[in-house]
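Only one structure is covered here, and it is reproduced in the block below.
It should be emphasised that the depicted structure is a prediction, and the values quoted were computed from it without experimental measurement.
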Amino acid sequence: MEKISNVTEFIFWGLSQNLEVEEVCFVVFSFFYTVSLLGNLLIMLTIYVSNLYKSPMYFFLNYLSFVDICYSSVTAPRMIVDLLAKSKTISYAGCVLQIFWGHFFGCTEIFILTVMAYDRYVAICKPLYYVTVMDRNRCNKMLLGTWVVGFLHSIIQVALVVQLPFCGPNEIDHYFCDVHPVLKLACTDTYVVGVVVTANSGTITLGSFVILLTSYTIILVSLRKQSAEGRRKALSTCGSHIAVVIIFFGPCTFMYMRPDTTFSEDKMAAVFYTVITPMLNPLIYTLRNAEVKNAMKKMSRQVFWKANDK
C-alpha cells in the first residue's frame, strides 16, 4: 500500500477548552515543572559533590534524576506554552520526535527503576555478595542496557507510526503526541499496528511492574530476619522506591495495558507520569532518605561558609 499523507501538522485540543481552567493549569504546571527541574538538579549535584555516586544506589538515582528532567521536558514546556496559546499546533516531524523521545525516556526510566529494585534486593537479601555483584563495571553495563532497551522500544513505536498515511482530520484530543491518539487519525485500518503497540508497551510495563512487585515482596519478607535498626533503614529506602513505582506504574498501566482505544481520562493519567512523577521523585527520595538529606545539609553549609568568607 502506497503511503499518501496530506497532513503536515497536528492540532492539540489541550488539557481543557475552558480558558479559566487553562490559566490555572498554566500557573500550577509551571510550578510543577520548575520544582521538577530544580529538585532533580539538586539531587544530581548533591550526589556528585558528596561522592555518593560511588554507591550503586546513588549511581542509579543520579541517572533517574537525569532521565526525569529529560522525560518531563519532552512534554511539559510545550504543554505549558500551549495553555495560553490560541493555536496549539505541532509539525508532523515534531510529533514523531515527541513520540520517540517520550517513549525513549519513559522506557529508560522504567528499567532504571527495575535495576534500582534489583540493587536493593542484592543489598538486603544478599549483603555478603553485594560488593561483588554490584561492582562499577556491572552497574555501567546495566545502565547501558536501560538506554539500549529504551532506544529499541522507541524505534519500534516510531516505525509503526511513520509508515501510516494521514489524510485528515488532524486534531489530537491530547496535550502531546502519543501513539494511541495519533493512530486514531490514520486513514487506514490500524488494528494490527494497535495490537503491536499494545504488545510492545504492555509487555515492558507489565513485565517490569511484576518484577518490581516480586523484588519488593521478597525484600519485605526478608526484613523479618533483620534487626530493628536494619529494618528501619531498609524500609526507609524501599519505601521511597515503592512509592515512586506505584505513582509511575499506575497511570502507565492504565494507558498502555489495553487495546488501541482512548478515553477522556487519558490526559489526566498522562499528567501523572509526564509531569507529577518527575516532580515527586526528588521530594520522595530526599524526604525519605537520611543520607541524601545529610549530604544536602553538608553541601548547603559549605556553600554558606564560602559565601561568608568572601
Verdict with reasoning, M79 to T274, per side-chain contact (heavy atoms from CB on, under 4.5 Å) | CA-CA 11 Å; M79 177 192 70; T274 60; over 6 Å; no
Pair S215-R120, side-chain contact (heavy atoms from CB on, under 4.5 Å): steps then yes or no | CA-CA 9 Å; S215 299; R120 289 301 86 201; over 6 Å; no
Intermediate values then yes/no, side chain to side chain donor-acceptor pair (under 3.5 Å), T277 and Y71 = CA-CA 10 Å; T277 302; Y71 187 40; over 6 Å; no
side-chain contact (heavy atoms from CB on, under 4.5 Å) evaluation trace for F12 with I90 = CA-CA 8 Å; F12 295 130; I90 185 172; 3.4 Å; yes
Which is it for K184 and D173 under the side-chain contact (heavy atoms from CB on, under 4.5 Å) test, yes or no, and what are the steps along the way?
-> CA-CA 10 Å; K184 288 184 64 178; D173 186 10; 6.0 Å; no
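Judged purely by atom type and a 3.5 angstrom limit, S154 has no side-chain atom pairing as donor or acceptor with the backbone of G150. Between the S50 side chain and the L52 main chain, no donor and acceptor come within less than 3.5 Å of each other. A donor-acceptor pair under 3.5 Å is absent between the side-chain atoms of S208 and the main chain of T205, judged by distance alone. Side-chain N or O atoms of T190 include none that pairs as donor or acceptor with a backbone N or O of V193 at under 3.5 Å.
V182 and I11 fall into different hydrophobic clusters, where Ile, Leu, Val, Met, Phe, Trp and Tyr residues are linked whenever their side-chain heavy atoms come under 4.5 Å apart, directly or through other members. One hydrophobic cluster holds both F26 and M268 under the rule that ILVMFWY side chains link at heavy-atom gaps under 4.5 Å. No path of Ile, Leu, Val, Met, Phe, Trp and Tyr side chains, each step under 4.5 Å between heavy atoms, connects V81 with Y175, placing them in separate hydrophobic clusters. Placement of L185 and W13 in two distinct hydrophobic clusters is found when ILVMFWY residues are connected by side-chain heavy-atom separations under 4.5 Å, directly or transitively. Linking Ile, Leu, Val, Met, Phe, Trp and Tyr residues whenever their side-chain heavy atoms come within less than 4.5 Å leaves V21 and V27 in two separate clusters.
The shortest non-hydrogen separation linking F176 to A270 is CE2-CB, 3.8 Å. A pairwise comparison of heavy atoms in L15 and K267 identifies O-NZ, 3.9 Å as the closest pair. Here the closest heavy-atom approach between residue R78 and residue T89 is recorded as NH1-O, 2.9 Å. Across every non-hydrogen atom of V162 and A159, the tightest pair is CG2-O, 3.6 Å. Residues G106 and F248 come closest through the heavy atom pair O-CZ, 4.0 Å. Nearest approach of Y53 to Y48, heavy atoms of both residues: CE2-O, 3.6 Å.
More than 12 heavy atoms of other residues, nucleotides or ligands lie within 6.0 Å of CD in Q17, so this atom counts as buried by the packing criterion. Within a 6.0 Å radius of OH in Y121, no more than 12 heavy atoms belonging to other residues, nucleotides or ligands are found. Annotation for F151: atom CZ does not count as buried by contact number, only 12 or fewer foreign heavy atoms lying within 6.0 Å.
We find the CG-CD1 distance between L206 and I211 to be 10.0 Å, quoted to the nearest 0.5 Å. With rounding to the nearest 0.5 Å, the separation of CZ in F166 from OH in Y92 is 5.5 Å. The line from OG1 of T75 to CD of Q98 is 6.5 Å long, rounded to the nearest 0.5 Å. Rounding to the nearest 0.5 Å gives a distance of 9.5 Å between CD1 of I112 and OG of S65. From F59, atom CZ reaches atom CE of M116 across 11.5 Å, with rounding to the nearest 0.5 Å. Considering CG of L41 and CG of L45, their distance stands at 8.5 Å, rounded to 0.5 Å.
Ring centroid separation for the pair F29 and Y33 does not come in under the 6.0 Å cut-off.
Side-chain contact between F66 and N62: absent, with no pair of heavy atoms (C-beta onward) separated by less than 4.5 Å. Contact annotation: the side chain of S73 never approaches that of W101 to less than 4.5 Å [non-hydrogen atoms, C-beta and beyond]. Between T198 and H180, the closest side-chain pair of non-hydrogen atoms falls below 4.5 Å. Here the side chains of H153 and I110 are not in contact, with every heavy-atom distance at 4.5 Å or above. Using a 4.5 Å heavy-atom threshold, the side chains of L84 and E22 count as separate. Looking only at side-chain heavy atoms (C-beta outward), Y118 and V133 come within less than 4.5 Å of each other. Side-chain contact between C107 and F111 is present, with at least one heavy-atom pair separated by less than 4.5 Å.
Residue pairs satisfying the salt bridge (charged side-chain N to carboxylate O under 4.0 Å, His left out) criterion with at least one member in residues 52-62, sequence neighbours excluded, are absent.
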Sequence neighbours left out, cut at 3.5 Å: what donor-acceptor pairs do the side chains of residues 139-147 make with other protein atoms?
unit_1	atom_1	unit_2	atom_2	d
N140	ND2	R136	O	3.3
T146	OG1	L143	O	2.5

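Paired with H103 under the rule side-chain hydrogen bond (donor to acceptor under 3.5 Å, both in side chains), one option of D178, T108, N200 passes, and it is D178.
F100 and F104 have parallel rings, their planes meeting at less than 30° on a 0 to 90° scale where 60° marks the start of perpendicular.
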